[in-house]
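Values in this document were obtained by computation on a predicted structure and should not be read as measured data. Chain letters run A, B, ... following the sequence lines, proteins first, then strands; residues in each count from 1.
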2 protein chains.
Amino acid sequence: MARAGVTVERLTLAAAELADEVGVENVTVAALARQFGVKDASLYFHLRNAHELRVRIALLALAELADRVAAALAGRAGKDALVAFANAYRDYAREHPGRYAAMQIDLDPETAAASAGVRHAEMTRAILRGYRLSEPDQTDAVRMMHSTFHGFVSLEKTGGFRHTPRPTDDSWSRTLDALDAVLTNWPSR
Amino acid sequence: MARAGVTVERLTLAAAELADEVGVENVTVAALARQFGVKDASLYFHLRNAHELRVRIALLALAELADRVAAALAGRAGKDALVAFANAYRDYAREHPGRYAAMQIDLDPETAAASAGVRHAEMTRAILRGYRLSEPDQTDAVRMMHSTFHGFVSLEKTGGFRHTPRPTDDSWSRTLDALDAVLTNWPSR
DNA sequence: GTAGTAGCCTAGCCCTCTTAGGCAAGCGAT
DNA sequence: ATCGCTTGCCTAAGAGGGCTAGGCTACTAC
């Protein structure tokens with residue numbers, strides 16, 4: 001009997017692709033086993049449980065996104081960097097809806113600390129260097145930025161903007177203008 | 001054999017409460033049936049399938065939230081209205097995490113059009129009257145506002161802000177200041 | 001009081017998750 | 001080469017959940 005050559009890495013990648021096709025909630029151990037031509041039970045040799053599978057998708061996505069953002073950010077500063085970050089973020093979410101959704105599951109603290117999520121935080125703060133904000137304004141601004149990006153992308157995906165004809169691309173670009181404006185002129189207390 | 005007195009309304013309400021306790025993804029037809037002292041199969045007399053149950057939770061939540069926001073908005077204008085809206089939104093999401101999560105599932109267009117979601121859109125636009133924005137800026141601003149609210153609340157819930165000690169309440173209030181500032185001074189093209 | 005229907009039930013199928021225990025392929029050491 | 005050990009797969013089996021088909025019963029309308 002030939003071995004199927006299943007590894008955690010191959011499983012995770014296949015799971016991520018499956019997630020993009022059918023949604024994270026439908027990424028099932030059984031479906032994955034079928035893809036590898038293997039019985040469901042066999043995957044528990046590589047995986048603790050179905051939840052770990054989703055966590056692994058999330059970690060993969062966080063790392064991939066961090067790489068993309070880092071590449072987009074290279075050599076840019078100020079609004080240029082803001083827009084590059086934002087577009088890398090949104091593009092990734094649209095190309096990989098399942099992976100993006102997986103990113104939203106909450107990781108336990110130590111897993112999160114070891115994830116590429118920390119790189120996101122660092123890069124976001126790096127952007128703000130162009131806007132000369134000091135603490136605690138910087139933290140607030142980071143949170144607002146992230147909220148705006150995530151909120152927009154998330155609402156766009158679930159069709160929250162569908163009821164108005166205006167192209168979402170236009171709203172996105174104007175939202176970034178507004179974000180740039182408010183970061184440039186961060187209101188003092 | 002006494003009848004259990006199951007109705008779609010009672011089912012939906014129980015499901016919503018269950019969702020707040022254990023998460024929407026764990027709202028199961030079987031669990032609900034147990035709560036009503038009834039067999040699972042019996043619920044299919046009232047419900048088409050498990051998905052309908054979640055849709056009903058979403059619609060309930062949209063209506064409840066719209067009521068709250070409307071109450072919060074009464075007699076307010078400008079930044080006052082903005083803050084009231086935002087807090088009503090965030091408070092609801094925190095008190096009813098399961099209902100809030102249910103709100104994010106995408107409804108098919110006609111269901112969405114018949115939902116209380118349209119009231120949200122109207123009220124959001126009403127707030128912007130205080131800021132004198134005309135189309136298409138108004139649409140962009142509505143989208144940005146909604147994105148910010150949803151993004152913040154969503155990230156807060158999934159622990160996205162945990163890695164920084166700053167109280168989220170403070171960041172929230174400063175984010176609203178920033179939003180007010182940018183709406184007041186919406187950047188022209 | 002009888003017909004009809006609304007509200008529940010049992011039986012049963014399929015799918016998923018997960019554990020327990022077995023067998024066989026390949027590797028390292030003798 | 002072969003003996004054993006580990007790795008990678010297997011079968012078996014139980015617990016749930018989703019859902020359908022078909023049946024019984026209590027209430028309702030006439």
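In this structure, F45(B) places its CZ atom 17 Å from P of dT10(C), rounding to the nearest Å. Taking atom OH of Y44(A) as the reference point, atom P of dA12(D) lies 19 Å away to the nearest angstrom. The separation between R10(A) atom CZ and dG8(D) atom P is 12 Å, rounded to whole Å. Rounded to whole angstrom, the span from the NE2 atom of H46(A) across to the C1' atom of dC10(D) amounts to 12 Å. Atom CZ of R34(A) is separated from atom C1' of dC15(C) by 9 Å (rounded to the nearest Å). Atoms CG (L43(A)) and P (dG8(D)) sit 13 Å apart, rounded to a whole Å.
Nucleic acid contact class of N49(A) (heavy atoms, under 4.0 Å, all strands): sugar-phosphate only. At a threshold of 4.0 angstrom between heavy atoms, the contacts of S42(A) include nucleobase atoms, whether or not backbone atoms are also involved. A31(B) comes within 4.0 angstrom of nothing in the nucleic acid, heavy atoms only.
Scanning for side chain to side chain donor-acceptor pair (under 3.5 Å) contacts around E135(B) gives R125(B), T139(B), with sequence neighbours left out.
With a 6.0 Å cutoff to the six-membered ring centre and a 45° limit on the axis angle, R68(B) does not count as a cation-pi contact of Y92(B).
Comparing the helix axis at one end of the helix from dG1(C)-dC30(D) to dT30(C)-dA1(D) with that at the other, each defined from 5 consecutive pairs, gives an inter-axis angle of 10° (nearest 10°).
How far NE2 of H146(B) is from OG1 of T148(A): 12.5 Å, rounded to the nearest 0.5 Å. Atom CD of residue E95(A) and atom CG of residue D20(A) lie 9.5 Å apart, to the nearest 0.5 angstrom.
A close approach under 4.0 Å does occur between a side-chain nitrogen or oxygen of T28(A) and OP1 or OP2 of dC17(C).
When distances are taken from the side chain of A30(B) to each of dT16(C), dC8(C), dG18(D), the shortest belongs to dG18(D). Relative to the side chain of V38(A), the nucleotides dG18(D), dC9(D), dA12(D) differ in distance, and dC9(D) lies closest. Residue V29(B) places its side chain closer to dG18(D) than to any other of dG18(D), dT10(C), dC17(C).
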